[in-house]
Engineer: 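One structure, pasted below without further comment.
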There are 2 protein chains.
Amino acid sequence: METFGDSWSLLIMRDLLTLGKHTFGEFLRSEERIGPSVLADRLARLERGGIIVRTPSETDARKVTYSATERGIAAIPLLYEAARWGMGGVRMDTDDPWEAVMAMDRDEVLAAWHRAVREGGSLFGGEESAFARLRARERVVR
Amino acid sequence: METFGDSWSLLIMRDLLTLGKHTFGEFLRSEERIGPSVLADRLARLERGGIIVRTPSETDARKVTYSATERGIAAIPLLYEAARWGMGGVRMDTDDPWEAVMAMDRDEVLAAWHRAVREGGSLFGGEESAFARLRARERVVR
DNA sequence: TCATTGACTTTGATCATCATAGTGATTTAC
DNA sequence: GTAAATCACTATGATGATCAAAGTCAATGA
């Protein structure tokens with residue numbers, strides 16, 4: 001409750017786990033327009049809480065990447081239910097990716113999502129996204 | 001996100017759905033010590049959001065009861081996952097009710113919880129709680 | 001009738017958040 | 001090899017939210 005009873009922390013975790021954002025700048029340029037001081041504070045707090053880890057980049061000394069710890073990854077089902085509640089049965093665009101995800105089997109989605117994040121990916125972000133793989137599998141099964 | 005990205009709103013929903021609290025005074029006397037002005041604000045906000053309903057009592061004109069709408073009830077899985085994440089695999093007292101709930105089948109817990117709330121009850125609060133019924137069934141099945 | 005209960009409001013101080021501007025260490029472009 | 005750009009932040013001052021405590025006001029119970 002303390003951890004996620006704050007919209008910014010929740011938003012950061014969403015960006016990290018669903019969109020595959022990893023750097024300060026990426027979080028900063030998110031839709032919701034978080035300010036740099038608040039972002040810095042929340043990242044530090046999440047790190048102190050053992051939910052994310054801060055790792056300076058090895059190739060570019062300016063960059064820092066943030067990624068989810070196991071404890072952070074464990075919040076995936078929470079994010080899933082939050083998304084489901086947020087959609088609230090409302091039909092959006094048929095080609096909205098969340099819409100597509102919600103039509104899939106919950107356990108399969110969670111498993112694929114977990115796996116993707118552990119491999120450095122996320123639900124929607126990047127080529128190797130859980131979503132892309134779920135979609136591919138869907139085509140094979142049917 | 002906007003709705004539950006606020007710890008007080010989340011706490012109110014928890015008290016409502018798991019502890020069966022229904023009145024201003026009950027919420028006010030919660031563990032977390034919310035102030036009356038903030039409580040009033042959050043209850044109004046949740047009502048405007050269609051998540052809870054405010055109903056003046058018919059027997060006592062001073063009292064007001066707050067209860068979850070269907071939209072509010074739909075937040076139960078979210079609360080469930082939040083609780084599960086919050087426990088984080090940590091074993092607490094063996095006789096902690098949340099511990100017992102987490103050992104049960106997810107779908108059964110959610111179904112019983114949903115039903116209890118629709119009948120005016122909650123997960124843990126009161127005689128007719130979902131927990132009490134789940135426990136009773138558990139004894140029969142085994 | 002008079003204290004009490006219950007649902008809030010008011011108030012003033014403290015705390016958090018906001019947008020904006022900066023800092024300082026890299027790294028790229030020319 | 002220098003200047004511009006990028007990156008992760010910090011600093012700042014105004015504005016907004018939160019806090020505890022006390023107060024209001026109608027309805028009830030003793």
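Within every chain, numbering begins at 1; the chains are lettered A, B, ... in the order of the sequence lines, protein sequences first and strands thereafter. Since we're looking at a predicted model, the values are computed, not measured.
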Engineer: Hey, mind stepping through A:Leu134 and A:Trp113 against side-chain contact (heavy atoms from CB on, under 4.5 Å) and telling me if it holds?
Structural biologist: CA-CA 9 Å; A:Leu134 283 161; A:Trp113 189 353; over 6 Å; no

Engineer: At under 4.0 Å, does any side-chain N or O of A:Tyr66 touch on OP1 or OP2 of D:dC9?
Structural biologist: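 A:Tyr66 to D:dC9 OP1/OP2: side-chain N or O found under 4.0 Å.
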
Engineer: Between A:Ile52 (CD1) and D:dA8 (C1'), how many Å, whole number?
Structural biologist: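 Taking atom C1' of D:dA8 as the reference, CD1 of A:Ile52 is at 14 Å.
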
Engineer: Which residue pairs pass the salt bridge (Lys or Arg N to Asp or Glu O under 4.0 Å) test when at least one of the two sits in residues 27-36 of chain B, sequence neighbours left out?
Structural biologist: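 Output for this query lists B:Arg14-B:Glu32.
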
Engineer: Nucleotide by nucleotide, 5' to 3', does protein get under 4.0 Å of the base (B), only the sugar-phosphate (S), or neither (-) in nucleotides 23-30 of chain C, counting heavy atoms?
Structural biologist: --BBS---

Engineer: Output one letter per nucleotide in nucleotides 19-25 of chain D: B when a protein non-hydrogen atom lies under 4.0 Å from the base, S when only the sugar-phosphate is that close, - when neither is.
Structural biologist: SBBB---

Engineer: Output all residues satisfying ring-ring contact (aromatic ring centres under 6.0 Å, His included) with A:Trp85, sequence neighbours left out; order by chain, then residue number.
Structural biologist: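 B:Phe4.
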
Engineer: Which of residues 12-27 of chain A sit near DNA chain D, with a heavy atom under 4.0 Å from it?
Structural biologist: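 Under 4.0 Å from DNA chain D: A:Thr23, A:Phe24, A:Gly25.
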
Engineer: Can you name the residues that form a ring-ring contact (aromatic ring centres under 6.0 Å, His included) with A:Phe124, not counting sequence neighbours?
Structural biologist: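 Testing A:Phe124 for ring-ring contact (aromatic ring centres under 6.0 Å, His included), a comparison that skips the adjacent residues, returns A:Trp98, A:Phe131.
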
Engineer: Quickly work out the A:Glu32 CD to C:dT17 C1' distance and round it to whole Å.
Structural biologist: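 Result: 16 Å.
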
Engineer: Rounded to the nearest angstrom, tell me the gap between atom CG in B:Leu39 and atom P in C:dT9.
Structural biologist: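 Taking atom P of C:dT9 as the reference, CG of B:Leu39 is at 11 Å.
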
Engineer: Dot-bracket for DNA chain D, please, read 5' to 3', with Watson-Crick or G-U wobble pairs under 3.5 Å on both distances, ( ) within the strand, [ ] crossing, | other strand, . unpaired.
Structural biologist: ||||||||||||||||||||||||||||||

Engineer: Between B:Arg42 and D:dT18, is there a side-chain N or O to OP1/OP2 distance below 4.0 Å?
Structural biologist: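 True: B:Arg42 side-chain N/O within range (under 4.0 Å) of D:dT18 OP1/OP2.
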
Engineer: Excluding sequence neighbours, so at least two apart, what forms side chain to side chain donor-acceptor pair (under 3.5 Å) with B:Asp41?
Structural biologist: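 With sequence neighbours excluded, B:Asp41 shows a side chain to side chain donor-acceptor pair (under 3.5 Å) to B:Arg45, given in chain and number order.
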
Engineer: Tell me, do B:Glu2 and A:Ser7 make a side-chain contact under 4.5 Å, heavy atoms counted?
Structural biologist: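 They are not in contact (no side-chain heavy atoms under 4.5 Å apart), so the answer is no.
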
Engineer: Not counting sequence neighbours, list each pair that qualifies as a salt bridge (Lys or Arg N to Asp or Glu O under 4.0 Å) and has a residue in residues 65-77 of chain A.
Structural biologist: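 Qualifying pairs: A:Glu70-A:Arg118.
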
Engineer: Counting only N and O atoms by type, is there a donor-acceptor contact under 3.5 Å from the side chain of B:Ser57 to the main-chain atoms of B:Val64?
Structural biologist: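 No; zero donor-acceptor contacts below 3.5 Å.
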
Engineer: B:Ala82: what forms a side-chain contact (heavy atoms from CB on, under 4.5 Å) with it, not counting sequence neighbours?
Structural biologist: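 If we apply the side-chain contact (heavy atoms from CB on, under 4.5 Å) test to B:Ala82, skipping adjacent residues, the hits are A:Leu78.
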
Engineer: Let me know the distance between NZ of B:Lys63 and C1' of D:dG29, rounded to the nearest Å.
Structural biologist: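 Interatomic distance, NZ of B:Lys63 to C1' of D:dG29: 12 Å.
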
Engineer: Donor-acceptor pair, A:His22 side chain versus A:Thr65 backbone, under 3.5 Å?
Structural biologist: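 It does not hold such a pair.
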
Engineer: Specify the separation, in whole Å, of atom CG of B:Asp41 and atom C1' of C:dT10.
Structural biologist: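 Distance, rounded to whole Å: 14 Å.
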
Engineer: Please check if the number of heavy atoms outside A:Arg106 that lie under 6.0 Å from its CZ is greater than 12.
Structural biologist: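 Atom CZ in A:Arg106 is packed in, count exceeds 12.
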
Engineer: Measure CD/A:Glu2 against P/C:dA16 and give the value in whole Å, please.
Structural biologist: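 Rounded to whole Å, this separation is 14 Å.
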
Engineer: Between D:dC9 atom C1' and A:Arg29 atom CZ, what is the distance in whole Å?
Structural biologist: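 In whole Å, D:dC9 C1' and A:Arg29 CZ are 13 Å from each other.
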
Engineer: Not counting sequence neighbours, which residues clear salt bridge (charged side-chain N to carboxylate O under 4.0 Å, His left out) with A:Arg54? List them please.
Structural biologist: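 A:Arg54 satisfies salt bridge (charged side-chain N to carboxylate O under 4.0 Å, His left out) with no residue once adjacent residues are dropped.
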
Engineer: Indicate yes or no for a side-chain donor-acceptor contact from A:Glu26 to the backbone of A:Thr23 under 3.5 Å, with no hydrogens or angles considered.
Structural biologist: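 Side chain of A:Glu26 to backbone of A:Thr23: a pair is present.
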
Engineer: Does anything in residues 58-67 of chain B form a salt bridge (Lys or Arg N to Asp or Glu O under 4.0 Å)? List the pairs, not counting sequence neighbours.
Structural biologist: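 Qualifying pairs, neighbours excluded: B:Asp60-B:Arg62.
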
Engineer: From CD of B:Glu58 over to C1' of D:dA27, roughly how many Å is that when rounded to an integer?
Structural biologist: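 Answer to the nearest Å: 16 Å.
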
